[in-house]
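Some notes on the structure that comes next.
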Amino acid sequence: MADALDAGPDEEFEDLLVFLRDARGFDFTGYKRSTLGRRVKRRMADAKVTTYADYRDLLETNTEEFSALFNTILINVTSVFRDTAAWTYVQSEVVPELLASGDGDGEIRVWSAGCSTGEEPYSLAIMFAEALGIEEAARRVKIYATDVDEEALRVARSGLYSAKSLEPLAPELRDKYFEQQAGHFSFRSDLRRRVIFGRHDITRDAPISRLDLLVCRNTLMYFNIETQRQIVDRFHFALGEGGFLFLGKAEMLLNDSDRYEAVSVRQRLFRRRPGDPSSRHPASPVKLRGRTGTEERSAAARSRQLRDLVLDALPTPTISVDAEGTVLLANELARNAFGLTPQDVGRPFHDLEISYRPVELRSLIEQSRHEMRALRVSGAERRNGSDVRFYDIYVQPLKDTVGQPVATNISFTDVTLSVQLQVENNRVREELETAYEELQSTNEELETTNEELQSTNEELETTNEELQSSIEELETTNEELQSTNAELETLNESMRIHTEELNEATAFLEGVLTSIDAGVVMLDADFKVKSWNRGASELWGLREDETVGAPFFGLDFGLPVDRLRSAVERCLVSGRRSEPVGIPAVNRLGRAVLCTVTCTPFGERRTGVVLFMEGVEKETSG
């Protein structure tokens with residue numbers, strides 16, 4: 001079945017993810033395809049489905065399958081103070097700084113994103129209670145705990161855990177913060193009220209703001225690079241100035257040194273650098289005081305008209321592109337020169353011809369934004385049929401009030417006449433051209449060397465990212481193995497309990513049979529002996545090991561068994577108890593007895609019969 005799944009088209013898998021998002025609101029499109037595909041295939045194998053299309057049909061007809069699939073994808077592997085060394089570092093280095101940085105009485109805001117079944121936010125509550133005292137922590141610390149898995153959140157809200165779940169917690173801390181209730185342990189209520197649980201999707205929902213500490217451990221590793229980048233942007237907005245971000249041991253911030261300072265790379269602890277969060281997270285529109293909605297719209301329309309007039313009045317073709325690569329503005333000269341239309345405003349810049357003709361502008365825009373400086377390209381040639389024009393291109397980054405790039409302005413200066421004059425001038429300056437060519441050759445060699453160095457640097461960065469991805473994959477696989485091991489332990493415990501119950505029932509049955517003084521013999525449907533109790537042994541002199549498994553009517557002892565055959569067969573066929581049959585016999589002591597035999601069917605399905613034998617010695621005449 002695995003071969004059939006691997007052969008399936010990627011389109012069917014993507015369609016399945018879109019269906020899950022639209023039908024149940026779970027958006028898995030940002031998850032790593034390797035991990036996500038492995039988890040979905042595992043669930044499909046359990047459901048005995050071979051293709052993604054068939055599995056989608058199953059989800060549409062069986063609503064309970066959604067729950068089974070989500071439990072398979074959302075691996076809830078967690079524990080209190082998981083990775084003890086990292087938590088110890090936070091408790092000793094971060095918590096004292098958080099307490100010292102405030103006014104001594106202000107609220108401390110903490111967010112546990114991806115909290116699973118709640119062990120992590122309760123660990124945070126214990127950590128702050130140990131630092132502040134329980135009463136002070138209950139007054140000052142507020143912990144937000146979120147996850148997308150409603151089932152896991154129900155467990156977290158209850159605050160009930162087994163003794164095994166709390167094994168990583170020191171006994172004195174367990175007794176201090178948990179109360180024993182009917183075999184489980186309940187988190188103490190005064191601190192429980194400071195932990196707020198709620199469903200939240202970190203890929204889609206607005207983040208919680210003004211945080212002092214954000215804990216998101218072993219959650220980012222399930223997402224692809226693009227989704228991780230979006231989530232980290234949201235986290236940057238959520239953290240207050242100097243707030244701390246605490247990640248899992250398989251997660252890193254490789255390309256965010258401008259926004260996050262590494263406090264401890266080993267423990268995956270980072271601090272938000274100063275900066276305006278609104279530069280990356282658009283603010284809500286603010287209504288002007290004293291203006292009606294109509295006046296605001298009219299003022300906005302006049303502002304847009306004035307902006308367009310000013311833009312069209314510029315003496316050079318000008319195009320503006322925002323930070324996401326979307327065309328913001330294009331004046332009339334630019335539209336006429338490069339064949340643009342008003343409908344091109346709002347389109348991705350890379351979809352326009354001007355983005356790569358006359359020169360590759362996309363890389364220049366990226367370079368300008370990265371280096372935060374203006375770039376110039378001189379004499380770029382643009383051909384339109386027989387018409388050849390030359391432009392000097394000026395690429396300038398636009399910054400907001402805190403110095404963050406928000407857009408890029410590209411202006412084109414027509415230098416066709418100047419270029420043509422330069423060409424004519426070059427014809428009479430051959431010697432200077434020769435020197436220029438030598439210099440150009442040197443520049444090209446230098447450029448080649450720079451490109452080689454750049455290529456080597458990119459290879460190193462790629463290797464580093466691949467290594468990070470491999471670490472995340474290994475951590476994900478490890479959590480899957482832990483989840484499977486927990487399932488096996490549960491099954492093993494269930495089998496042990498069933499085995500003990502079976503042993504108890506067997507011992508009870510053997511005790512009952514042994515305690516009966518009369519002879520009790522159990523026969524199967526083929527009339528072979530399945531049980532021969534102690535009473536039968538004392539009556540006839542045959543031991544149990546001599547009879548069990550042997551055909552009853554083939555045994556040779558003091559009872560003429562052939563006289564019982566008809567009664568036994570009727571009992572087995574009819575399923576009714578037979579009338580007692582008295583048969584003269586000889587017991588193990590050689591004395592004549594009258595043996596009374598009663599035949600009873602065994603089980604509702606008549607899988608055998610039970611013979612009850614009582615022997616009474618005959619009186620001898622004097």
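Residues: numbered from 1 along the sequence shown.
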Do F612 and F602 have ring centroids that are under 6.0 Å from one another? no

Rounded distance [0.5 Å steps], CD1 in I143 versus CD1 in I196: 9.5 Å

Keeping N533 on the side-chain end and V520 on the backbone end, is there a donor-acceptor pair under 3.5 Å? yes

So does R192 pair up with E179, basic N to acidic O under 4.0 Å? no

Can you establish whether the number of heavy atoms outside D22 located under 6.0 Å from its atom CG is more than 12? yes

Would you call E130 and K176 a salt bridge, using N to O less than 4.0 angstrom? yes

Test item: M221 and T476 side chains (from C-beta on) under 4.5 Å apart, heavy atoms: yes

CG/L214 to CD1/I208 distance, rounded to the nearest 0.5 angstrom? 8.0 Å

Taking D201 for the side chain and V148 for the main chain, is one N or O donor matched with an acceptor at less than 3.5 Å? no

Given the side-chain rings of W532 and F552, with only the six-membered ring counted for Trp, is the space between their centroids under 6.0 Å? no

Closest non-hydrogen atom pair, V95 against A131: CG1-CB, 3.7 Å

With distance as the sole criterion, is a donor-acceptor pair present between the side chains of E12 and Y55 under 3.5 Å? no

Could you tell me whether D545 and R543 make a salt bridge, using a distance below 4.0 angstrom between a side-chain N and a carboxylate O? yes

Please walk me through it: do C115 and L153 pass side-chain contact (heavy atoms from CB on, under 4.5 Å)? CA-CA 8 Å; C115 68; L153 285 174; 3.9 Å; yes

Which residue is it: R217, Q267, R268? I am looking for the one with a side chain to side chain donor-acceptor pair (under 3.5 Å) to D83. R217

Note: E251 and L220 closest approach over all heavy atoms is OE2-N, 2.8 Å

Tell me whether R199 at atom CZ has more than 12 heavy atoms from other residues, nucleotides or ligands lying less than 6.0 Å away. yes

Going from CD on Q91 to CZ on F81, what distance comes out if it is rounded to the nearest 0.5 angstrom? 6.0 Å

Could you state the interatomic distance from CD (E14) to CG (L16), rounded to the nearest 0.5 Å? 9.5 Å

Looking at every heavy atom in both T117 and Y161, which two are closest together, and how far apart are they? O-OH, 2.6 Å

Please say whether the positively charged group of R33, taken as NZ for Lys or CZ for Arg, lies over the ring of F13, i.e. under 6.0 angstrom from the six-membered ring centre and within 45 degrees of the axis. no

Would the distance check show the side chain of D524 and the main-chain N or O of D526 forming a donor-acceptor pair, the cut-off being under 3.5 Å? yes

For side-chain contact (heavy atoms from CB on, under 4.5 Å), just list the numbers for W87 and F246, CA-CA rounded to whole Å, side-chain angles, deciding distance to a tenth of an Å, and then say yes or no. CA-CA 10 Å; W87 280 94; F246 186 20; 4.2 Å; yes

Side-chain donor or acceptor of S112 paired with backbone N/O of A145 under 3.5 Å: no

Under 4.0 Å between a Lys/Arg side-chain N and an Asp/Glu carboxylate O for E500 and R496? yes

Say you draw a straight line from CD1 of I108 to CZ of R140; how long is it, rounded to the nearest 0.5 Å? 4.5 Å

Under 3.5 Å: donor-acceptor pair, side chain of S578, backbone of C599: yes

Is the side chain of S537 donor-acceptor paired with the backbone N or O of L542 at a distance under 3.5 Å, no angle test? yes

Would one find more than 12 heavy atoms of other residues, nucleotides or ligands at under 6.0 Å from atom CZ of R591? no

Under a 4.5 Å cut-off applied to non-hydrogen side-chain atoms, are V141 and R194 in contact? no

Would the number of heavy atoms belonging to other residues, nucleotides or ligands and lying under 6.0 Å from CD of E135 be above 12? no

Answer yes or no: is there a side-chain heavy-atom contact under 4.5 Å between R565 and V561? no

Contact check, side chains of I225 and Q228, non-hydrogen atoms, under 4.5 Å: yes

4.5 Å side-chain heavy-atom contact, F235 and L211: no

Please test Q482 against N485 for side-chain contact (heavy atoms from CB on, under 4.5 Å), starting from the C-alpha separation and ending with a verdict. CA-CA 5 Å; Q482 291 182 25; N485 186 50; 5.6 Å; no

Looking at side-chain heavy atoms only, is the closest gap between L572 and L523 below 4.5 Å? no

Compare every heavy atom of A536 with every heavy atom of V521, then report the nearest pair and how far apart it is. CG2-CB, 4.2 Å

Closer than 3.5 angstrom, by distance alone: can the side chain of T490 be matched with the main-chain N or O of A486 as a donor-acceptor pair? yes

Within 6.0 angstrom of E64 CD, more than 12 heavy atoms from elsewhere: no

Specify the closest pair of heavy atoms between N218 and G248, including all atoms of both residues, with the distance to one decimal. OD1-CA, 3.4 Å

Could you check if a side-chain atom of H184 sits within less than 4.5 angstrom of a side-chain atom of S165, using non-hydrogen atoms only? no

Which of these passes ring pair (Phe, Tyr, Trp, His ring centres under 6.0 Å) with F197: Y144, Y122, W111? Y122

Please examine the side chains of L555 and V529, heavy atoms only from C-beta on, and report whether any two atoms are closer than 4.5 Å. yes

Look at atom CD of E226 and say whether more than 12 heavy atoms of other residues, nucleotides or ligands are closer to it than 6.0 Å. yes

Just do the side-chain contact (heavy atoms from CB on, under 4.5 Å) check on L36 and Y222 with the steps written out, would you? CA-CA 8 Å; L36 186 61; Y222 293 104; over 6 Å; no

Salt bridge (charged side-chain N to carboxylate O under 4.0 Å, His left out), that's the test. Do R42 and E487 meet it? Break it down for me. CA-CA 15 Å; R42 175 180 175 181; E487 294 173 3; 3.4 Å; yes

Check for a donor-acceptor pair, side chain of R588 on one end and backbone N or O of L539 on the other, with a separation under 3.5 Å. no

Quick test of your reading of the model: are R82 and E479 salt-bridged, counting only N-O distances below 4.0 Å? yes

Side chain of N503, backbone of T499: donor and acceptor closer than 3.5 Å? yes

Using a strict cut-off of less than 4.0 Å between a Lys/Arg side-chain nitrogen and an Asp/Glu carboxylate oxygen, indicate whether R38 and E480 qualify as a salt bridge. yes

Where do A138 and D190 come nearest, in terms of heavy atoms and distance? CB-O, 4.0 Å

Let me confirm one number: the OG1-CG distance from T51 to D54, rounded to the nearest 0.5 Å. 3.0 Å

Salt bridge flag under 4.0 Å for residues E60 and R56: yes

